[in-house]
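Single-structure report; data block below.
Positions are given from 1 along the sequence.
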Amino acid sequence: MDIAWQILTAGASFLLLFLMFRPLEIAFAAKANQGFCRPFWRMDLCYLLGEYMLFNGAVFWMLSQLSPWIYAATPSKLRNWVGSLDQWAQILLVILAGDFLIYWGHRLQHRFDFLWRFHCIHHSAEHLDWLAAHREHPVDSLYTILLVNLPVFALGVPIKPLAYFAAFRGLWAIFIHSNVRLPIGPLRMLIGAPELHHWHHDRNRSAGNYANVSPLMDILFGTYVCPDHEPLAVGVSESIPKTYFAQLIYPFRRRNVTEKESPSSTSIAS
């Protein structure tokens, strides 16, 4: 793809997302004193540009290469049955399967050090907003995209419902990172809310709230956390580089000393 077109697409994506989420952050700010130009916003902008200009294309190329192998390994009767469902049933299947897989895949990222060394880059953000949602190591992105899309594609779900929901899930991920706290009350137990994911980013690596679109998986498996206030601090306890390229390299560095997570300085009340 032409580099000029990639730059134009990335710039248009940034502008569109800014116009969608920045007004929400102004009108319903979770932290009123946090402006757009908070610390390290330029680094997160680098993540956004890298995602839309390079890494998204690489990840979906990998997905296209692997999906025929996964598809061929799935029993044809199962694929035919799923393919025979109407579109709304297929979309529901995509939602339920995707949420289940993301929930457990996300818990594994926090449980196992090998996965955490990539995922901790995302959690290194100490200021949450719509731009910080893009701070994600490419290997971490590949893990999540393959986890969510390959199994349901293998079951025979056509690419169209997958594409629609992938776009929605991407926007939802940006929304739940945004500096927003909406007065939706008990509805947050059904559709989720930014404040739930803000608590997931608490410095305690096992803070909970691993689900994506709906918190029902967290409620079902006992990891739902919903205090009535924002966490005092978000981020990680370990020392992670503060520049874009250093963070891309960080997970591949050999660690001579095992870094232990210190308990969160904030109290979490369920």
Side-chain angles (χ1 to χ4, degrees), residues 1 9 13 16-17 20 51-52 55-112 115 119 133-134 136 138-177 184 186-194 196-197 200 209-224:
M1 184 182 291
T9 302
S13 298
L16 178 62
L17 293 172
M20 288 177 65
E51 178 182 334
Y52 289 107
F55 296 126
N56 270 355
V59 165
F60 283 105
W61 177 85
M62 176 100 40
L63 180 63
S64 68
Q65 298 301 305
L66 291 176
S67 56
W69 297 86
I70 304 296
Y71 187 81
T74 309
S76 58
K77 289 184 178 180
L78 180 60
R79 289 200 314 269
N80 292 337
W81 176 76
V82 174
S84 68
L85 299 173
D86 63 50
Q87 191 172 52
W88 285 109
Q90 290 176 349
I91 291 174
L92 180 61
L93 176 63
V94 168
I95 294 172
L96 293 176
D99 270 16
F100 181 82
L101 291 168
I102 279 186
Y103 174 82
W104 284 106
H106 198 175
R107 284 192 69 169
L108 291 178
Q109 287 173 302
H110 285 253
R111 173 65 178 82
F112 293 104
L115 295 176
H119 191 54
H134 297 85
E136 191 170 61
V139 174
D140 203 28
S141 298
L142 177 63
Y143 169 86
T144 303
I145 290 174
L146 293 180
L147 182 73
V148 173
N149 289 288
L150 276 182
V152 289
F153 182 75
L155 288 175
V157 178
I159 196 66
K160 191 174 180 179
L162 278 180
Y164 286 155
F165 196 66
F168 168 76
R169 194 182 287 279
L171 288 174
W172 188 262
I174 297 171
F175 168 64
I176 60 176
H177 286 88
I184 61 173
L187 271 178
R188 67 170 60 90
M189 298 184 69
L190 178 63
I191 62 172
L196 299 181
H197 200 69
H200 171 71
N209 292 349
Y210 301 102
N212 179 244
V213 174
S214 170
L216 292 178
M217 294 294 170
D218 281 301
I219 294 171
L220 180 62
F221 295 109
T223 52
Y224 179 79

Item to check | Smallest separation among heavy atoms of R188 and P215, with atom names | outcome: O-CG, 3.1 Å

Next on the checklist: Centroid separation under 6.0 Å, is that true for the rings of H106 and H119?
Outcome noted: yes

Checklist entry - Say you draw a straight line from OG of S214 to CG of L196; how long is it, rounded to the nearest 0.5 Å? => result 10.0 Å

Item to check | Distance (rounded to the nearest 0.5 Å) between L190 CG and I219 CD1 | outcome: 8.5 Å

Checklist entry - What are the two closest non-hydrogen atoms of I174 and A133, and how far apart are they? => result CA-CB, 3.8 Å

Item to check | Any side-chain heavy-atom pair of V213 and I176 under 4.5 Å | outcome: no

Next on the checklist: In the structure I gave you, are the side-chain heavy atoms of T223 and Y103 within less than 4.5 Å of one another anywhere?
Outcome noted: yes

Item to check | Any M217 side-chain heavy atom under 4.5 Å of N212 side chain | outcome: no

Checklist entry - About how many Å separate CG of L85 and CG of L92, when rounded to the nearest 0.5 Å? => result 10.0 Å

Next on the checklist: Taking the side chain as everything from C-beta on, heavy atoms only, tell me whether H197 gets closer than 4.5 Å to W172.
Outcome noted: no

Checklist outcome for this item: Distance col, row L16:CG vs L171:CG, nearest 0.5 angstrom, shows 8.0 Å

Item to check | For D99, all residues meeting salt bridge (charged side-chain N to carboxylate O under 4.0 Å, His left out), sequence neighbours excluded | outcome: R169

Next on the checklist: I need the D218 CG to F221 CZ distance, nearest 0.5 Å.
Outcome noted: 10.0 Å

Checklist entry - From Y210 OH over to I102 CD1, what is the distance, rounded to the nearest 0.5 angstrom? => result 15.0 Å

